[in-house]
Every structure is written in C-alpha cells, then in structure tokens.
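Note: hydrogens, waters and symmetry copies are ignored here, and every other heavy atom, side chains too, is used. By convention in this document, chain letters (A, B, ...) are assigned in the order of the sequence lines, proteins followed by strands, and residues within each chain are numbered from 1.
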Number of protein chains: 2
Amino acid sequence: MSPRKLEIFQTALSLMKSKGYANTTMRDIASAVNMEAASLYNHITSKEDLLAITCFDLANQFEKGILEVNDIYFDAKEKLRMAIEAHTQILTANLDASYVFLHEWRHLSADKLNEFKQRRDNYENGFIEILKLGENEGVFNEVDEKFVVITILSTLNATIEWYKPNGSLSPKQVAQKLSDFILNGLLNTKN
Amino acid sequence: MSPRKLEIFQTALSLMKSKGYANTTMRDIASAVNMEAASLYNHITSKEDLLAITCFDLANQFEKGILEVNDIYFDAKEKLRMAIEAHTQILTANLDASYVFLHEWRHLSADKLNEFKQRRDNYENGFIEILKLGENEGVFNEVDEKFVVITILSTLNATIEWYKPNGSLSPKQVAQKLSDFILNGLLNTKN
DNA sequence: CCTACCGATCGGTAGG
DNA sequence: CCTACCGATCGGTAGG
C-alpha cells in the first residue's frame, strides 16, 4: 500500500470513527487529505472498499490469533488468557480500524456481509472450544457457552472505548486486567 | 402517543435496527406503514426526532432505575445486583429501541449529542458509587472503577445481541446470570 | 490529480 | 393523507 493510500485509509477510518460510515462522505475524506473527491478514485475503487478492506483485514488478524492460540497451548485457562491477549493486542494496535470494524460492518454489501458474519461466527466458535475444554477439565463453571462468549467478547471490545495508547497500561497489562476480571469476577474472595 | 404514531415509531426502530439510522429513509418507513413519506410529517416533526425521542426516553428509564436502586438498597452487592436487574429489565422490554439507543446515538445533532453524553456519564457515575461503596466494605476487589463500569455495562448491553423475548429465560433470570458472571467470574472455585 | 458534471436519492415543504 | 416538487448532496465517471 502506497504512503498516499495509507494516508487515505487512516484519514477515512478516523472520520468514520467519529461520524460513522454513512455520514462520512468522499468529499470529507478528500478535503482531509487535501485533494478533490474525484482524485480519491486513483487510489481506491469505492467507498465500500475502504470499509470492506478494513473489516476483512482485521478479521484475518483475529482468525490468525485464535488459530495460533489453539495450536500452541493446551491448558484451557492458559488458552483463554492467550486468546484474550491476542484479541487485545489487535484491538489496541488498530484502534480506529477496530472501531469501524465493530460498529460499521453492517454497511457492507449483502455478499460481504454474509461472509463477515460467517467468519465472526467461526471466531466465536474458537472461543467456545476453549470454554468447553475448560468445563471438561473442571476449571470453568458450566455455562451457556454462547452467552459467555458474547459476554467475553463484549468485555474485550469495550477496550477501545477507554484505552489510551499513550497511557500507562501496555496492551499486555490490559489483557491481564481483562482476564483477571473475566476469570475471577468482581467479588473479593479474600474476606 | 396515538396508535398510528406508535406504529410509526416501532416500524422506524425496527428498520433502524437492521439498516442503521442513516440508511433508513423516510420513504422506507413510510412504505412499511403504507403511506407516503410526506404523510409521516403529520405524525412526527423530523427524522432526527425519531432518534432523539427514542434515546432520551430510554435515558430517562435508565436514570430512574439507578436512582431508585441507590435509594432503596444499602448493601453494595445487593445494590449492584438490583442495578443490573433494572438495566436488564429496560433492555429486554425495549429491544429495538435499545439497539438504536446503543448504536445510533452518534447521529444526534450537536446539542442533543452533548446532553446525551452527559447523561450517560451521570448514569455511569451511579454505578461507580456502588463500586466504591463495595470496595470500602471490602466486598469488591479494588479496581479501576472507570474500567470496570465500562466493562459491566458492555456486558449488560450485549444482552440485546442474544436475548430472545420468547425464549426460556425471563429478564430476571438473565439479570441473575449476568450478576453471577460479573461477581464470580468464569472460574470454578469449588475445585 | 483536477475540472466539470451526472443520475439518483435524500429530508422536507406547499397546498390541498 | 396525497400529489407534486424543491434544493442539497451523494458516490462516482469522463476526459484530460
């Protein structure tokens, strides 16, 4: 991707994060990178492409993450911690893109929307495997896995609402906090 | 609100849930209620009004809930459980409206957007009070309250992604599951 | 990378 | 509640 194309993507994602996909016009993006709207089409093929490339690039990263985790680790608790860490690393390294990915995917055209939903389901199934393994090991509570996986992912994804890349917490530390909360809950068990 | 106006609101919210606010046109709404777009304006004043009324009606309900809970209960753990239950009751009783409230509030005009954000912050502060009380009592872990309140609310709000109003779980049972998960986490502590 | 422009569609109004 | 319509704006193309 050329520097100019990268600039267009980053600018577009930043605008879409604050105004939404539908309210971000090609003219908005163009003026933010100091060109005319028509000129954008020398770098990208359509507005939807900005969204689709962003969504599927992140989907690739998330899928790669869960596959590696399920390959490398064997213990359910460790698997879950590492899956949470992989997810958190991707989110925090791509804050604007993640925001668009999580909030604007509905604007994909029908074909791409179907593919997107299917790949999201696959990703959730990767977590469900870990939960089932942990239940079999007696390490996790018996739960409705679908409920818990949505709960866990919602918790992880909320990171983009409060995470400051220049703050005091590294992505790894964020992942640690998230894992601790998900595994142990809010109650103080030392009393 | 007249029956016809109610029908327009419910239809509009259902459309906005599946297509988003920006992609739902007045013509879409009109044809779904078998009238012309121009006729809608005999019942509502603008498209944004549909959004604004929905958002602020729910905001009122949420605020009323947390105020009552903080009034009636004294024990932090019970307060948290009851705040979770109030939140869950409102979500499950207004699934389409909640979806629009949670995903489309960004499309409010500047003035209303500011008011909305401020009231959301107030609501979060209601939960933060409970968390601080619980920490002082030694019942809750010492946490970063801002992190935890966003995590908790994300967990609660995810309910609208999987809850089926005609399924086997009552809103109260859902609230129980959510509270258990948030308080105790995923780990099986009986082993 | 720009000028010039198009067809489509939008939220909303006038007038009945 | 409808017909008729408007001004604005949109994503995108032609041609250079």
Side-chain angles (χ1 to χ4, degrees), chain A residues 1-56 97 100 103-113 116, chain B residues 1-56 97 100 103-113 116:
Chain A
M1 209 184 267
S2 73
R4 198 68 167 135
K5 188 170 177 181
L6 198 65
E7 187 193 356
I8 291 168
F9 264 82
Q10 287 173 342
T11 305
L13 293 178
S14 167
L15 286 168
M16 287 177 188
K17 175 178 175 175
S18 54
K19 312 202 316 177
Y21 174 79
N23 278 347
T24 300
T25 69
M26 297 308 277
R27 284 159 179 83
D28 289 336
I29 300 167
S31 90
V33 295
N34 291 312
M35 40 164 82
E36 297 301 316
S39 306
L40 290 172
Y41 292 90
N42 291 298
H43 300 279
I44 60 164
T45 64
S46 71
K47 185 183 176 187
E48 203 211 342
D49 237 41
L50 289 167
L51 179 62
I53 288 175
T54 300
C55 287
F56 289 115
V100 171
H103 288 95
E104 305 294 339
W105 56 269
R106 250 172 297 263
H107 293 100
L108 289 168
S109 62
D111 279 4
K112 287 174 180 162
L113 192 59
F116 184 86
Chain B
M1 209 183 268
S2 73
R4 198 68 166 135
K5 188 170 177 181
L6 199 65
E7 187 193 357
I8 290 168
F9 264 82
Q10 288 172 341
T11 304
L13 293 179
S14 167
L15 286 167
M16 288 176 189
K17 174 178 175 175
S18 53
K19 312 203 316 174
Y21 174 78
N23 279 346
T24 300
T25 69
M26 298 307 278
R27 285 158 179 84
D28 288 337
I29 299 167
S31 89
V33 295
N34 291 313
M35 38 164 82
E36 296 301 316
S39 306
L40 290 172
Y41 292 89
N42 290 299
H43 300 279
I44 61 165
T45 64
S46 70
K47 185 183 174 187
E48 203 211 340
D49 236 41
L50 289 167
L51 179 62
I53 288 175
T54 300
C55 288
F56 288 115
V100 171
H103 288 96
E104 306 294 338
W105 57 268
R106 249 170 298 261
H107 293 100
L108 289 168
S109 61
D111 280 4
K112 289 174 179 161
L113 192 59
F116 184 86

| request: Side chain of B:His43 only, please: which of C:dT13, D:dC1, C:dG11 is the nearest? | output: D:dC1

| message | Please check this pair: side chain of A:Thr11 against backbone of A:Glu7, looking for a donor-acceptor N/O pair closer than 3.5 Å. | response | yes

| field | Opposite nucleotide pairing with D:dG16, Watson-Crick or G-U, both atom distances under 3.5 Å | value | C:dC1

| task | Could you work out which one of C:dG12, D:dG12, D:dT3 sits closest to the side chain of B:Tyr41? | result | C:dG12

| note | Testing D:dC1, C:dG11, D:dT3 for proximity to the side chain of B:Met26, the answer is C:dG11

| said: Just the rounded figure in Å: distance from P of C:dG11 to CD1 of B:Ile44. | reply: 10 Å

| Looking at A:Val100, A:Leu51, A:Ile29, which hits side chain to side chain contact (heavy atoms under 4.5 Å, CB included) with A:Thr24? | A:Ile29

| said: Would B:Glu48 and B:Tyr21 count as a side chain to side chain contact (heavy atoms under 4.5 Å, CB included) here? Give the steps. | reply: CA-CA 9 Å; B:Glu48 203 211 340; B:Tyr21 174 78; 3.8 Å; yes

| task | Counting Watson-Crick and G-U wobble pairs only, both distances under 3.5 Å, name the nucleotide matched with D:dG11, or none. | result | C:dC6

| Value in whole Å for how far the P atom of C:dT9 lies from CG of B:Asn23 | 13 Å

| field | Heavy-atom pair of closest approach, residues A:Ala22 and A:His107 | value | CB-NE2, 4.2 Å

| query | Which nucleotide sits closest to the side chain of A:Arg4: C:dA14, C:dC1, D:dA14? | reply | C:dC1

| query | To the nearest angstrom, how far is B:Glu48 atom CD from C:dC10 atom C1'? | reply | 16 Å

| In terms of the angle between their ring planes, are A:Phe116 and A:Phe56 parallel, tilted or perpendicular, with boundaries placed at 30° and 60°? | perpendicular

| Counting any heavy atom closer than 4.0 Å, what does B:Thr24 reach on the DNA or RNA strands: base, sugar-phosphate only, or nothing? | sugar-phosphate

| request: Check the distance between D:dG12's C1' and A:Leu50's CG and give it to me in whole angstrom. | output: 13 Å

| message | Can you see if the side chain of B:Arg27 gets near the phosphate of C:dG12 - specifically, an N or O under 4.0 Å from OP1 or OP2? | response | no

| request: Return the value, rounded to whole Å, for the distance between atom CG of B:Asp28 and atom C1' of C:dT9. | output: 11 Å

| message | Please compare A:Asn34 and B:Ala37 by the position of their nearest nucleotide in DNA chain C and report the one closer to 5'. | response | A:Asn34

| message | Distance check needed: C:dG11 P versus B:Ile29 CD1, whole Å only. | response | 8 Å

| field | Between D:dG12 (P) and A:Glu36 (CD): distance, integer Å | value | 17 Å

| Whole-Å gap separating C1' (C:dG11) and CG (B:Asn42) | 15 Å

| query | Picking from C:dT3, C:dA14, D:dC1, which would you name as closest to the side chain of B:Ser39? | reply | D:dC1

| query | From D:dG11, C:dG11, C:dT3, pick the nucleotide closest to the side chain of A:Lys47? | reply | D:dG11

| request: Report the nucleotide, chosen from D:dC10, C:dT3, C:dG11, that has the shortest atom-to-atom distance to any side-chain atom of A:Thr25. | output: D:dC10

